[in-house]
Amino acid sequence: MAPTSQHARDIPIDDLRAQLTGELITGQDPSYDEARQVVFLKGVDERPLAIARIAGTEDVVTVVSTAREGGLELAVRSGGHSWAGFGTVDGGLVIDLSGMDSVEIDAEHGTAWAETGATAGKYTLATAERGRVTGLGDTGSVGLGGITLAGGIGFLARKTGLTIDNMLAAEVVTADGQVVRASEDSEPDLFWAIRGGEGNFGVVTRLQLRLTEISEIAGGMLILPASPQVITGFLEAAQAAPEELSTIANVMIAPPLPFVPEEAHGTPVVMGRFAYVGPVDHGEQVMAPFRALGKPLADMVRPMRYPELYEGPEPEVRFATGTNFFTDSLEPAAAEAILEQLPKSTAPMRAVQLRVLGGALGRVPNDATAFAHRDRGLFVNVAAMYMDAGEKDIHDAWVNGLVNSLGKDGAGGYVGFLGKEDEATIRAAYPGTTWDRLREQKRRYDPDNLFHLNHNIPPADR
Ligand SMILES: Cc1cc2nc3c(=O)[nH]c(=O)nc-3n(C[C@H](O)[C@H](O)[C@H](O)COP(=O)(O)OP(=O)(O)OC[C@H]3O[C@@H](n4cnc5c(N)ncnc54)[C@H](O)[C@@H]3O)c2cc1C
C-alpha cells in the first residue's frame with residue numbers, strides 16, 4: 001500500500017528541520033509559495049506539508065526515512081519539468097534537489113559525476129568548457145535527474161544514443177534509506193531498472209555520465225512552411241542523413257516570434273531543430289536536403305558552440321497535455337491529418353513533434369535497459385499547452401483525436417512526455433518483458449511503493 005497523508009502520523013517538523021543540512025520550508029515560511037511550485041507547469045497548485053531543499057545525500061536519506069516512517073506521501077523533484085506535474089504533493093514531503101547541482105569533470109577518463117539537480121543547460125555549460133558533452137534533451141531548464149531516469153532523447157540521440165546509454169553509474173537512496181551505487185558491476189538489476197524506469201526505485205542523487213568530445217557543431221533552427229510533402233520530406237531527409245545529425249521537427253502554428261516573418265504568424269510551419277556533430281564544414285551539405293524542401297521562413301542553422309543549442313527563451317506554460325508513441329515512418333495521410341487538426345485546437349501552443357531515431361540509439365538491444373523502443377525509427381509526440389485548468393477535457397480530446405488519426409499502432413510511448421496516465425498506458429511504455437522485469441525490481445527495491453508519485457510500476461497487483 002502506498003502511504004497516504006490521511007494516515008500519516010504526526011510529523012515532528014522541527015525535528016526534521018534540525019536533522020537537515022538544507023532548508024525545510026513549510027506553510028509558515030515566506031518562500032513557501034515559490035518553493036511549492038514545480039518549474040514547468042506553473043498552474044500546478046498543490047500544498048505540500050514541507051519542501052526539503054536538499055544539501056546532500058544525507059538529507060535525502062533523512063527525508064526518505066521520515067516519509068516512510070511517518071506514512072507520508074513523498075514527491076521527488078530535480079528540474080521540475082515533469083509533464084505530469086509530479087514533483088509536488090498535497091500534504092506530503094517534497095525532496096527538492098535543485099540546489100544539488102555540482103558537476104565534476106574527469107577529462108582524462110572522459111566522464112563526469114553530476115548531482116541530479118543540475119539542469120541540462122548547467123551541466124552542458126560545465127562540460128563544454130572542457131570540450132566534451134553528454135546528450136540530454138532539447139531544453140536547457142530540464143533537470144538531469146528526471147530526463148536521465150526517463151531515458152533522454154536529445155540532440156545526440158543518433159550519434160551517442162540516449163542519455164542512459166551514457167550513464168555509467170548512479171548513487172541511489174532506496175526506500176529503506178540505504179545509499180547504494182548502481183552500475184554494471186554493482187546492483188546491476190537496479191542499474192538496468194533506473195535506465196528508463198524513472199523514479200520508481202529510489203532517489204538518484206548523483207550520476208556518472210560518459211562525455212563525448214564535441215565542441216563546435218552546425219546547429220540551430222530552420223523554419224519551413226508546412227505541407228504534407230515538407231513534413232514527409234523532412235523525415236526522409238533526417239532518416240537519410242549521417243547519424244552525426246539528430247533532428248527534431250515541430251509541426252506547429254507559427255508563434256509571433258521576432259525571427260518569424262509577420263505574414264507567417266498563425267500559419268502551419270515545420271520548426272526544425274538540428275545538431276550536426278560531424279565536421280562543421282560539412283554542415284552546409286548535410287542541411288541542403290532540408291533547405292531544398294521549401295523557401296525557409298527562418299534559417300538560423302550555423303556553426304556554433306554546442307551549449308548554444310540551449311539558448312533562447314522558453315515558453316510560459318500553466319498546464320499541458322500530451323501523449324506519444326513510437327512508429328517507423330509517417331504516411332502522407334498522417335501528415336495531412338496533422339495539418340488538418342492543428343488549426344482546430346484552441347490551445348495557445350500545440351505541436352506534433354517528430355524525432356527520427358536510429359543510429360547509436362537503435363544499436364542498443366531493446367532489453368539492455370528499461371527503455372525498450374530501440375527498434376523503432378520515429379518518435380511522435382503530440383502536445384497542447386494551455387492557460388486555463390477548466391479546458392483540460394477539450395485539449396485532452398484534441399490530443400487523443402489527433403493521435404488516433406495518426407494510426408497509433410499500440411507501440412507504447414515514452415514516459416518522459418506522458419502526463420498522469422492509467423496503468424495500461426504506463427504498461428504500454430514498457431513493452432515485452434520490460435514491465436515484468438521492472439515489477440520484479442520494484443518488489444525488491446520499493447516493496448511498499450514509497451516512490452509512487454511517478455509513472456508508477458506497482459510492486460503488487462492492484
Ligand atoms: C519543455 C520540456 C522539454 C523536454 N524535452 C525533452 C527532450 O528533448 N528529451 C527527453 O527525453 N525528454 C524531454 N522532456 C521530458 C523530461 O525529460 C521529463 O519531463 C523529465 O521527467 C523532467 O525532468 P526534471 O528533473 O526536470 O523533472 P522533475 O519534475 O523534477 O522530475 C520528474 C519526475 O522524475 C522523477 N525524478 C526526478 N529526479 C529524480 C531523482 N533525482 N531521483 C529519482 N526520481 C527523480 C520523479 O518521479 C519526478 O517526479 C521535456 C520536458 C519538458 C517540460
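All residue numbers refer to positions in the sequence shown, counting from 1. Order of appearance sets the numbers: ligands from 1, and atoms from 1 within every ligand. Since we're looking at a predicted model, the values are computed, not measured.
- Atoms of ligand 1 found under 4.0 Å from any heavy atom of Gly202, numbered from 1 in the order shown, are 42 (N), 43 (C).
- In this structure, Val142 counts as a contact residue of ligand 1, since one of its heavy atoms falls inside 4.0 Å of the ligand.
- Shown are His452, His81, His455; of these, the ring-ring contact (aromatic ring centres under 6.0 Å, His included) with Phe86 is made only by His455.
- Residue contact check for ligand 1: Gly151 places no non-hydrogen atom closer than 4.0 Å to it.
- Polar contact check, Ser141 against ligand 1: no nitrogen or oxygen pair lies under 3.5 Å apart.
- Nearest protein neighbour of atom 32 (C) of ligand 1, counting heavy atoms only, is Ser82 CB, 3.6 Å.
- Set against the non-hydrogen atoms of Gly199, the atoms of ligand 1 under 4.0 Å away are 43 (C), 44 (N).
- Shortest contact from atom 51 (C) of ligand 1 to any protein heavy atom: Trp83 NE1, 3.6 Å.
- Aromatic ring pairs are classed by plane angle as parallel below 30°, tilted from 30° to 60° and perpendicular above 60°; the pair Phe155 and Tyr310 is tilted.
- The shortest N or O to N or O distance between Ala150 and ligand 1 is not under 3.5 Å.
- Polar contact check, Arg77 against ligand 1: no nitrogen or oxygen pair lies under 3.5 Å apart.
- Salt bridge status for Asp165 with Arg195: absent, with no side-chain N to carboxylate O gap under 4.0 Å.
- Looking at Glu314 and Lys42, no side-chain N of the basic residue comes within less than 4.0 Å of a carboxylate O on the acidic one, giving no salt bridge.
- Summary of contacts: the protein heavy atom closest to atom 48 (C) of ligand 1 is Val76 O, 3.1 Å.
- Among all non-hydrogen protein atoms, the one lying nearest atom 6 (C) of ligand 1 is Phe417 CZ, 3.2 Å.
- Not one N or O of Thr205 is nearer than 3.5 Å to an N or O of ligand 1, by distance alone.
- At a 3.5 angstrom cut-off on N or O pairs, Gly146 counts as close to ligand 1.
- For ligand 1, the atoms closer than 4.0 angstrom to any heavy atom of Gly87 are 49 (O).
- The shortest contact between atom 41 (N) of ligand 1 and any protein heavy atom is with Val204 O, 2.8 Å.
- In terms of polar-atom proximity, Thr139 is not counted as a contact of ligand 1, lacking any N or O under 3.5 Å from an N or O of the ligand.
- Residue Glu198 has no nitrogen or oxygen atom sitting less than 3.5 Å from a nitrogen or oxygen atom of ligand 1, judged on distance alone.
- For Arg17, the CZ atom is densely surrounded, since the number of other residues' heavy atoms within 6.0 Å is greater than 12.
- Taking each heavy atom of Phe234 and Ile248 in turn, the nearest pair found is CZ-O, 4.3 Å.
- When only modelled atom types and interatomic distance are considered, Thr425 and Asp422 share a side-chain donor-acceptor pair under 3.5 Å.
- Ranking the protein heavy atoms by distance from atom 15 (C) of ligand 1 puts Gly416 O, 3.2 Å first.
- Inspection of the Asp176 and Thr174 side chains reveals an N or O donor paired with an N or O acceptor under 3.5 Å.
- Neither the backbone nor the side chain of Thr163 comes within 4.0 Å of ligand 1, counting heavy atoms alone.
- Inclusion of Ile153 in the set of residues having an N or O under 3.5 Å from an N or O of ligand 1 is warranted.
- Val64 and Gly177 get closest at one heavy-atom pair: CG1-N, 4.4 Å.
- Proximity of Ala75 to ligand 1 is not established, as no heavy-atom distance is less than 4.0 Å.
- At a threshold of 4.0 Å, the pair Arg439-Glu423 does not count as salt-bridged, since none of the basic side-chain nitrogens sits closer than that to a carboxylate oxygen.
- The shortest N/O to N/O separation between Arg355 and ligand 1 falls below 3.5 Å.
- Trp398 does not carry Arg350 over the face of its six-membered ring by the limits of under 6.0 Å from the centre and within 45° of the normal.
- Atoms of ligand 1 lying under 4.0 Å from at least one heavy atom of Phe40, given by number and element, are 1 (C), 53 (C).
- Listed by atom number, the atoms of ligand 1 under 4.0 Å from Gly143 heavy atoms are 23 (O), 24 (P), 25 (O), 26 (O).
- Closest approach of Arg158 and Ala241 over heavy atoms only: NH2-O, 2.8 Å.
- For Glu244, the salt bridge (Lys or Arg N to Asp or Glu O under 4.0 Å) criterion is met by Lys159, not counting sequence neighbours.
- Residue Gly80 places a heavy atom less than 4.0 Å from ligand 1.
- Looking at atom 11 (O) of ligand 1, its nearest protein heavy atom turns out to be Tyr414 OH, 2.7 Å.
- For the pair Phe155 and ligand 1, no heavy-atom separation below 4.0 Å is found.
- Closest approach of Leu418 and Asn324 over heavy atoms only: CD2-ND2, 3.7 Å.
- When all heavy atoms are compared, the tightest approach of Ile95 to Ile54 is CG2-CG1, 3.6 Å.
- Scanning all protein heavy atoms for the shortest distance to atom 39 (C) of ligand 1 gives Ser78 OG, 3.5 Å.
- Both the backbone and the side chain of Asp138 come within contact range of ligand 1, each with a heavy atom under 4.0 Å.
- Of all atoms in ligand 1, listed by their number and element, those nearer than 4.0 Å to a heavy atom of Asn454 are 47 (O).
- Across all non-hydrogen atoms, the minimal contact from Thr88 to Arg77 is CB-NH2, 4.0 Å.
- Using cut-offs of 30° and 60° for the angle between ring planes, the His373 and Phe326 rings count as parallel.
- Heavy-atom proximity to Gly137, at under 4.0 Å, picks out these atoms of ligand 1: 7 (C), 8 (O), 9 (N).
- Residue-ligand proximity, Gly152 to ligand 1, at heavy-atom distances under 4.0 Å covers atoms 11 (O).
- Applying the side chain to side chain donor-acceptor pair (under 3.5 Å) test to Thr321 and every residue at least two apart in sequence or in another chain returns Asp396.
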